[in-house]
Protein chains: 2
Amino acid sequence: MKKKTTIYDIAEKLGLTAATVSRALNNNTKISLNTRKLVLDTALEMNYEQNKLALALKSGKSYNVGVIVPRIDSNFFSSVIRGIEEELYPKGYHVIICQTHNQENIENEKINSLVNVQVDGILMSISNANLEENKGFNKLLKNKKTPLVFFDRKKDIKGISSVTIDDFKGGYDATKHLLDQGCKRIAHLSNDRNFEIFRNRYLGYKQALSDNGIEFDESLVIETQSNVLDGRRVARLLLDMETPPDAIFSSSDFAALGAIQEIKESGFNIPEDICVVGFSNEPFTRFMELTAITTVDQFPLEMGRTAAQVFLEEVSNTGDTKITKNVVLTPQLIIRKSSLKHKEG
Amino acid sequence: MKKKTTIYDIAEKLGLTAATVSRALNNNTKISLNTRKLVLDTALEMNYEQNKLALALKSGKSYNVGVIVPRIDSNFFSSVIRGIEEELYPKGYHVIICQTHNQENIENEKINSLVNVQVDGILMSISNANLEENKGFNKLLKNKKTPLVFFDRKKDIKGISSVTIDDFKGGYDATKHLLDQGCKRIAHLSNDRNFEIFRNRYLGYKQALSDNGIEFDESLVIETQSNVLDGRRVARLLLDMETPPDAIFSSSDFAALGAIQEIKESGFNIPEDICVVGFSNEPFTRFMELTAITTVDQFPLEMGRTAAQVFLEEVSNTGDTKITKNVVLTPQLIIRKSSLKHKEG
DNA sequence: CTGTTAGCGCTTTCAG
DNA sequence: CTGAAAGCGCTAACAG
């Protein structure tokens, strides 16, 4: 278990000083070509590896960024992270991942923890709709040292950049499409509307109804968890109504799937009796054989890339006025069988 | 843009020395309760946060581990990573993720890069079947400072721990199941068998055939990429054979899906004409409505957890003899419609 | 062209 | 119970 070799080791071996070795390794032109080559060679020979930790301590830059998400094993979040990693690694950054499982205290803790390890920035999709009441988060806001970029589940906080898709448009387009299919009684599976993304999808839905002369019916909006089981539960409620809806716009693909299962098992046909639209373009929505699910693509890979770029701009900004950016990507409605009543000519 | 407060700042303010403050913060009993409380209070008041980077440099432990995977946006890998993060975070570790996209040079580079940032260990699923020829990897092996744990795509290298599933059994069980369904001509969509996992699935397949008196037919084994398109391509080849197979065991769920699509579009029925079994239990395999795909569950979450545990054992091992563990998890065949010819009583 | 020195923030002997 | 001093590995003035 030999120790790692440091610049002191190679300095000693060469009768030089650590400073010279450091400069030589960094190809400083002040150092003669001879010694530079000599140092480089012996460094190689001694299996020298730069200790970036020392560098980080010295320079105050760790070249690490933290990414906080509710969970990593969903296609949406892992795609975002993929985008972040691909964008940041070439610039010398490593990506530390943290999951919150939607628990506020864990989110709080992980923010703190990331700050402690001196990350150069934090990119996060929030789990806590009342983030401002979170102690760790507030400290982060206050010292303003660490750039923060929200993606997807953001909060509208002054001085903080964000990358989202236009959820209002997503909700609007989805609903408009259902109206175009002739649906009149469109239910909406919403989610906690304390989160902007869910509120905006809901608002888009409402606006589309209103723009098309359909009266808003509150009983058709049900808060639903983003999973298959809860989709089933809610679909049951809708089917049991005196006048069941003729369409469902779900803010989650998983809930949409559950709804589809429940609807089919109850003997109804999709899309003939009930049209369904989801949200996220999760891979499985495409693979359904009978009823490929209409959904809204959020371009997670691009979202991740963009969030990374916004972070890079912030760290490289040397001016004293902080620039904050709020990038809004455009979602895309992907029309598939679950909502396509009449084949288009 | 005020600087972060250090123990010196609070020492100065209190007329103490940094050492005392350090000890007080660590609740060292040698420090009087009074000063301890005093220090703790002012630390809080001054928004003090420990700089773990300095600690890491001092102690030689970064409490970071690197995880290297081909890509993160597949359910299998992101589930493994989820398991790793959940297991390691409570022990104080952060997880740095790196993707290789199956490129050897990138894998090489990222290994080096992780070593440079002084990770305490590397957990990886290899991308390069000839890893031993990889310079960065060899350096890693030689200095033996950094614990290394393989998961899933491992190499059988002395002194390196690994966590895998029993791929042989997975292949065997899948094939045996097809034989039980009465299939006689079972094709196998394999993948690069320089990787142990694919070789073992293949060997399991062969063994099951031989154990059941079916002659091995090399023309029924085709190397296939793990994606939908290549699954289609290969299915086409099989369907065009003089005597097409009556079953397909694919070492990838994605290729299985492609095959199913091609088979159906060619007018054949699944499972009546051709039975199909995949591998991985990707979420979509369950959601297929007409032909939920029979597949083999690899328990990625548990695999990640276990890999993390093996790492923890290695770092906490103070003895001078390195203990290496090769954990083999048991896969589970999940029988679904795509291979179930006759309903079981 | 190279050496000296100091310091990044923290812990930890060794004294007192 | 607390202080002084050294050191983790590296870089960056400042000298010469």
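Values reported hereafter were calculated over all heavy atoms of this structure, with side chains retained and with hydrogens, waters and symmetry mates removed. Everything numeric in this text was worked out from a predicted model, so none of it was measured. Proteins get letters first, then strands, A, B, ... in listed order; numbering begins at 1 in each.
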Mind checking B:L53 for me? I need base, sugar-phosphate or nothing, with any heavy atom below 4.0 Å counting as a touch.
nothing
In whole angstroms, the gap separating P of D:dG9 from CD1 of A:I10 amounts to 14 Å
Shortest side-chain distance from A:R23, nucleotide among C:dC1, C:dC10, D:dC14:
D:dC14
How many whole angstroms separate atom CG of A:L57 from atom C1' of D:dT11?
11 Å
From NZ of A:K30 over to P of C:dT4, roughly how many Å is that when rounded to an integer?
19 Å
With nearest nucleotide decided by heavy atoms, which residue, A:L33 or A:A19, maps closer to the 5′ end of DNA chain C?
A:L33
Value in whole Å for how far the C1' atom of C:dT11 lies from CG of B:L25:
12 Å
Inspect the contact between B:E196 and B:K154 and indicate whether a charged nitrogen and a carboxylate oxygen are less than 4.0 angstrom apart.
yes
By nearest-heavy-atom nucleotide on DNA chain D, the more 5' of A:A18 and B:T20 is B:T20
Separation of D:dC1 P from B:R36 CZ (nearest whole Å)
8 Å
From C-beta outward on A:T17, which listed nucleotide comes closest to its side chain: C:dG3, D:dT11, D:dA4?
C:dG3
OP1 or OP2 of C:dT2 versus the side-chain N and O atoms of A:S32: is any pair under 4.0 Å?
yes
Of the candidates C:dA6, C:dC10, C:dT2, the side chain of A:I31 sits closest to C:dT2
Of the candidate nucleotides C:dG9, D:dT11, C:dT13, which contains the atom at the shortest distance from the side chain of A:S22?
D:dT11
Are B:D41 and B:K37 within salt-bridge range, i.e. N to O under 4.0 Å?
yes
Can a side chain N or O of B:N26 be found less than 4.0 Å away from OP1 or OP2 on C:dT11?
yes
For B:N28 and C:dT11, give me the distance from atom CG to atom C1', rounded to whole Å.
11 Å
For the residue pair A:Y89 and A:H94, categorise the inter-ring angle as parallel (less than 30°), tilted (30 to 60°) or perpendicular (more than 60°).
perpendicular
Report the distance from atom CD of B:E12 to atom C1' of D:dG3, rounded to the nearest whole Å.
16 Å
Separation of C:dG9 atom C1' from A:L55 atom CG, nearest Å, is 15 Å
OP1 or OP2 of C:dT11 under 4.0 Å from side-chain N/O of B:Q50:
yes
Over all strands shown, is A:T35 touching base, sugar-phosphate only, or nothing at heavy-atom distances under 4.0 angstrom?
sugar-phosphate
Do the side chain of A:K110 and the main chain of A:Q99 share a donor and acceptor less than 3.5 angstrom apart?
yes
Any donor and acceptor pair, going by atom type alone, linking the side chain of B:S62 with main-chain N or O of B:Q118 inside 3.5 Å?
yes
Main-chain N/O of A:L301 paired with A:S79 side-chain donor or acceptor, under 3.5 Å:
no
With a cut-off of less than 4.0 Å, is there a side-chain N or O of A:Y48 near OP1 or OP2 of D:dC10?
yes
Please pick, from D:dT2, C:dC10, D:dG9, the nucleotide with the shortest atom-to-atom distance to any side-chain atom of A:N51.
D:dG9
